[in-house]
Amino acid sequence: MVFEYEELREAVREDFERFYQWGFHGNQIYPAVLDEYQHGTFSETEWICLHIFLALNYAEKSLDNSDIIKELQRQITKETECEVKSALGNEYATYLADLNRIFK
């Protein structure tokens with residue numbers, strides 16, 4: 001992974017907040033933040049985590065995160081979950097806690 005779990009969380013939060021402060025609407029922030037990461041070389045794990053962090057930021061601001069959750073549901077499979085667990089190591093418990101916050 002290019003980023004550690006918490007590093008990616010902070011980077012996504014900063015990008016989200018920047019677009020939110022600029023007055024972007026909820027349906028504009030998601031693609032704007034994704035665009036920030038389109039040109040990087042990110043693993044499937046990082047891409048899933050990026051969506052988790054976006055969903056959590058949206059929930060914090062009471063914005064509709066249903067499109068992000070649908071994309072997460074599409075991305076998370078048995079195969080990707082094995083990759084995520086391996087890639088995150090000790091941070092996997094935090095990942096699961098974040099997922100539980102989204103899918104409660």
Side-chain angles (χ1 to χ4, degrees):
M1 287 180 50
V2 174
F3 287 96
E4 294 294 321
Y5 191 77
E6 293 301 326
E7 289 176 321
L8 185 57
R9 177 193 307 272
E10 184 61 22
V12 171
R13 187 194 64 73
E14 288 172 1
D15 291 334
F16 174 89
E17 285 295 330
R18 180 171 21 107
F19 291 118
Y20 186 79
Q21 294 299 322
W22 286 347
F24 280 52
H25 297 287
N27 62 344
Q28 297 171 314
I29 296 171
Y30 178 43
V33 171
L34 289 183
D35 190 55
E36 295 289 303
Y37 296 90
Q38 288 292 342
H39 305 292
T41 306
F42 293 96
S43 68
E44 202 159 18
T45 297
E46 288 168 314
W47 202 246
I48 289 169
C49 292
L50 186 145
H51 282 78
I52 289 170
F53 303 141
L54 275 171
L56 291 171
N57 282 303
Y58 267 65
E60 185 179 298
K61 299 287 189 190
S62 299
L63 298 173
D64 177 18
N65 63 3
S66 60
D67 288 341
I68 302 166
I69 290 173
K70 286 178 192 171
E71 180 58 22
L72 262 175
Q73 290 169 326
R74 188 193 69 70
Q75 290 176 0
I76 298 174
T77 65
K78 287 182 182 182
E79 293 80 24
T80 59
E81 199 57 23
C82 287
E83 179 187 320
V84 168
K85 186 174 184 177
S86 175
L88 292 181
N90 293 337
E91 294 178 313
Y92 186 69
T94 305
Y95 161 87
L96 289 176
D98 287 341
L99 272 183
N100 286 332
R101 289 175 48 206
I102 293 168
F103 292 113
K104 58 181 173 174

* To do: Would you mind reporting whether Glu46 and Ser43 have side-chain heavy atoms less than 4.5 Å apart?
  => yes

* Asked: Can Ile68 and Tyr58 be said to form a side chain to side chain contact (heavy atoms under 4.5 Å, CB included), step by step?
  -> CA-CA 9 Å; Ile68 302 166; Tyr58 267 65; 3.7 Å; yes

* Structure fact -> When rounded to the nearest 0.5 Å, the distance separating OH of Tyr92 from OG1 of Thr45 is 10.0 Å

* For Glu83, enumerate each residue passing the salt bridge (charged side-chain N to carboxylate O under 4.0 Å, His left out) test, keeping only those at least two apart in sequence or located in another chain. => none

* Flag the pair Phe16 / Leu63 as yes when at least one side-chain heavy-atom distance between them is below 4.5 Å, and no otherwise. => yes

* Glu17: partners by side-chain contact (heavy atoms from CB on, under 4.5 Å), with sequence neighbours left out -> Arg13, Tyr20, Gln21, Lys61

* To do: Please tell me if the side chains of Phe19 and Glu36 come closer than 4.5 Å, counting only heavy atoms from C-beta onward.
  => yes

* Structure fact -> Residue pairs meeting side chain to side chain donor-acceptor pair (under 3.5 Å), one or both in residues 65-74, sequence neighbours left out, come to Asp64-Ser66, Glu71-Arg74, Glu71-Gln75

* To do: Using the test side-chain contact (heavy atoms from CB on, under 4.5 Å), find all partners of Gln38 that sit at least two apart in sequence or belong to another chain.
  => Leu34, Asp35, Trp47

* Using the benzene-type ring in the case of Trp, are the ring centres of His25 and Tyr30 under 6.0 Å apart? -> no

* Asked: Taking only residues two or more places apart in sequence, or in another chain, which ones meet Ala11 in a side-chain contact (heavy atoms from CB on, under 4.5 Å)?
  -> Phe3, Tyr37

* Which distance, rounded to the nearest 0.5 Å, do you find between the SG of Cys49 and the CG of Leu54? -> 11.5 Å

Could you pull out every donor-acceptor pair under 3.5 Å between side chains of residues 93-104 and any protein atom, sequence neighbours left out?
residue: Tyr95; atom: OH; partner: Glu81; partner atom: OE1; Å: 2.9
residue: Asp98; atom: OD1; partner: Arg101; partner atom: NH1; Å: 3.3
residue: Asp98; atom: OD2; partner: Tyr5; partner atom: OH; Å: 2.6
residue: Asp98; atom: OD2; partner: Arg9; partner atom: NH1; Å: 3.3
residue: Asp98; atom: OD2; partner: Arg9; partner atom: NH2; Å: 2.5
residue: Asn100; atom: ND2; partner: Leu96; partner atom: O; Å: 3.3

